[in-house]
Amino acid sequence: RLLSQHERPVEVFILEHGQPGSPDFQTNLQRLHDFPVAIHYIQESTPLPVIPPDIILIDALLGTGLNRPPAGLMASLIAHLNKCDNPVISIDLPSGLFSDQPTPPRTALRASVTLSFQCYKTALLLAENAPCFGTPVILDIGLHGDYLPTITPVYELPDRSLVQSILQPRPAHAHKGNFGHALLLAGSSGKMGAAILAAKACLRSGPGLLTTLVPEEEKSTLPISLPESMSIPYGDQSPAELLPDPEIYRTIGVGPGLGQSVISKKWLSYLVSHFKRPMVLDADALNMIAADPSLLEHIPAFSILTPHPKEFDRLAGPLSSDFDRLKKASELAIRHQLIVVLKGHRSFIAMPGGRCWFNPTGNASMAKGGSGDVLTGMLTGLLARGYAPEQATLLGVYLHGLCGEIASQQLGMESVLASDLIDAIGPAFISLQKTPT
């Protein structure tokens, strides 16, 4: 009716399923009869409509509230529409897509755009559903502003104001010792790029000092590439001999490009057993923990784990859906008192106290090797800088995504490198310090 009032040609197809529509449906159907809109009824005895190639499909069949997969005529209609190449705009949710549980394959309509209301539904934040929801657009429909603060959501999204409230000013009369000393264990033969990315991102995030543990055969790589980082070359010596007191560091980051050699495993085991403050574990550190789950019991409380989905599945066991990963990440965080950052387009953060967050920043320009190494460095730097682990995680993941947005604005979505994310850390900090006009 509204489209017709705007002089758009419209045809309406109503799927009959043996039950009367809601009172709102009946009221609006009655109003529609006063407009020049063709109304068709789809029944078991009628053929499915032929869809011309030059029209836009608006999907308002189901929306939210689904409690079982579509069946019968509804399933046939969804399959029929999915065979069309027409652009599809779904209202609230694509028909057949569950909002808060896994959707069986091939039972949901594939939309180009989903116009949803007021808040994200969980399904619209998960990569496995992206072929169904296309581009999600959240519309403010004027719900009462006092209502949302009265409820405790299962999942939350940090907004700009929350992240800005975390930022700590840098005291004018401070010195480098006030901002913490970080240790980074990263890199191996052929993978020193990961160590350099993590180390540079760490230093860009504000710590006063950084020392990087590097393999003996690569001892010249880091000083040449990043003279701002000190380095400790290691070989066959025992970790206790080379680093008798790891507690001299405020935090430790482990994993980027590390490999899973016997020496790497020895260092990881030593550090998680002898360091008592929160640390950051990524990449090969997580793979080694997955191979030896007993290490989980030694990881300091409130440490930050940053797996991508495959690394997480190795750590938590085979999982069949993103919803299963959310549940398992939260369980792991609570059981072991860790922070789990499940990396993705909308990275998921599970806190030890049970709160869970989806990060709203970032874009597809970051889907390149090295992006995770940058995040590890940033989180390590923020912990060393003095942020509490929960604050460091929310701020670091948000900033990391913001770096991707800033870099892609300058370079385009295809051309962003992980090193470009590091170059954008400063501008990202500056943008958060400004109040939008």
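Computed from a prediction, not measured in an experiment: that's the story for all the values here. For the numbers below, each heavy atom of this structure counts, side chains included, while hydrogens, waters and symmetry mates do not.
Open room surrounds CG on D236; 12 or fewer heavy atoms of other groups in view lie less than 6.0 Å from it. By the 6.0 Å contact criterion, NZ on K368 is enclosed, its count of non-hydrogen atoms from other residues, nucleotides or ligands being greater than 12. No more than 12 heavy-atom neighbours from other residues, nucleotides or ligands sit within 6.0 angstrom of CD1 on I56. Under a cut-off of 6.0 angstrom, the local environment of CD in E247 is crowded, with over 12 non-hydrogen atoms contributed by other residues, nucleotides or ligands. Few gaps surround NZ on K121; more than 12 heavy atoms of other groups in view lie less than 6.0 Å from it.
Contact check for I252 versus T380: no side-chain heavy atoms found under the 4.5 Å cut-off. Annotation: side chain of I166 is in contact with side chain of L394 (closest heavy-atom distance under 4.5 Å). Residues R160 and Y398 meet the side-chain proximity criterion, which asks for heavy atoms closer than 4.5 Å. Side-chain contact between I232 and V214: absent, with no pair of heavy atoms (C-beta onward) separated by less than 4.5 Å. Under the 4.5 Å side-chain criterion, counting only non-hydrogen atoms from C-beta, P300 is in contact with M279. Residues P246 and Y270 meet the side-chain proximity criterion, which asks for heavy atoms closer than 4.5 Å. Residues I78 and T107 fail the side-chain proximity criterion, which asks for heavy atoms closer than 4.5 Å. Under the 4.5 Å side-chain criterion, counting only non-hydrogen atoms from C-beta, L295 is in contact with S269.
For A285 against L268, the heavy-atom pair with the smallest separation is O-CD2, 3.7 Å. Scanning both residues, I406 and S431, for their nearest heavy atoms gives CD1-OG, 4.5 Å. The minimum heavy-atom distance linking A329 with A350 is given by the pair O-CB, 3.7 Å.
Side-chain contact, E297 with S294: no donor N or O sits under 3.5 Å from an acceptor N or O. In this structure, a donor-acceptor pair under 3.5 Å is present between the side chains of S229 and T212. Side-chain contact annotation: S161 with D159, donor-acceptor N/O pair under 3.5 Å present. With no hydrogens or angles considered, no side-chain donor-acceptor pair links D373 and T376 at under 3.5 Å. For the 3.5 Å distance criterion, the side chains of D282 and T306 qualify, holding a donor opposite an acceptor. No side-chain donor from either of S231 and K219 sits under 3.5 Å from a side-chain acceptor of the other. If you check the side chains of N359 and R346, you find no donor sitting under 3.5 Å from an acceptor.
Each of L213, N287, D284 was checked for a side chain to side chain contact (heavy atoms under 4.5 Å, CB included) with L258, and the lone residue meeting it is D284.
Using modelled atom types, no side-chain atom of S225 and backbone atom of L222 make a donor-acceptor pair closer than 3.5 Å. Under the 3.5 Å distance criterion, the side-chain polar atoms of S321 are matched with a main-chain donor or acceptor of D324. S76 contributes a side-chain N or O that, together with a main-chain N or O of G72, makes up a donor-acceptor pair within less than 3.5 Å. H6 places no side-chain N or O within 3.5 Å of a backbone atom of R8 that could act as its donor or acceptor partner. T251 contributes no side-chain N or O that, together with a main-chain N or O of L383, makes up a donor-acceptor pair within less than 3.5 Å. Side chain of R385 to backbone of Q168: a donor-acceptor contact under 3.5 angstrom is found. A donor-acceptor pair under 3.5 Å is absent between the side-chain atoms of T64 and the main chain of D92, judged by distance alone. Panel note: side chain S408, backbone E405; a donor-acceptor pair is recorded below 3.5 Å. Of the possible polar contacts, one joining the D322 side chain to the E128 backbone as a donor-acceptor pair under 3.5 Å is found. Side-chain atoms of D423 do not come within 3.5 Å of backbone N or O of D420 as any donor-acceptor pair.
Salt-bridge annotation for E390 and R355: absent, with no side-chain N of the basic residue lying under 4.0 Å from a carboxylate O of the acidic one. We find that K265 and D292 are not joined by a salt bridge, their nearest charged nitrogen and carboxylate oxygen being 4.0 Å or further apart. Using a 4.0 Å cut-off between charged nitrogen and carboxylate oxygen, D313 and K310 do not count as a salt-bridge pair.
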Just do the side chain to side chain donor-acceptor pair (under 3.5 Å) check on N363 and S365 with the steps written out, would you?
-> CA-CA 6 Å; N363 57 36; S365 73; 2.5 Å; yes
Are R170 and F179 close enough, and set up right, to give a side-chain contact (heavy atoms from CB on, under 4.5 Å), and what steps lead you there?
-> CA-CA 9 Å; R170 206 168 178 90; F179 300 116; 3.3 Å; yes
Take L395 and L382, measure what side-chain contact (heavy atoms from CB on, under 4.5 Å) needs, and give me the verdict at the end.
-> CA-CA 8 Å; L395 174 59; L382 292 170; 4.0 Å; yes
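To the nearest 0.5 Å, atoms CZ (F302) and CD (Q337) are separated by 5.0 Å. Atom CG of residue N86 and atom CD1 of residue I51 lie 6.5 Å apart, to the nearest 0.5 angstrom. Between atom CD1 of residue I339 and atom CG of residue L281 there is a gap of 11.5 Å, rounded to the nearest 0.5 Å. Atom-to-atom distance recorded for L375:CG and S347:OG is 7.0 Å, nearest 0.5 angstrom. Note that CG of L66 and CG of L93 are 9.0 Å apart. Values are rounded to the nearest 0.5 Å. Interatomic distance, R110 CZ to C84 SG, rounded to the nearest 0.5 Å: 10.0 Å.
Residues Y155 and W357 keep their aromatic ring centres 6.0 Å or farther apart.
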Under 3.5 Å, which donor-acceptor pairs link side chains of residues 182-203 to any protein atom two or more places apart or in another chain?
from	atom 1	to	atom 2	distance (Å)
S188	OG	G257	O	2.7

Which pairs would a plain distance check flag for residues 134-143, meaning a side-chain donor or acceptor within less than 3.5 Å of a matching protein atom at least two apart in sequence or in another chain?
from	atom 1	to	atom 2	distance (Å)
D140	OD1	Q118	NE2	3.1
D140	OD1	G142	N	2.8

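F348 and F358 have tilted rings, their planes meeting at an angle from 30° to 60° on a 0 to 90° scale.
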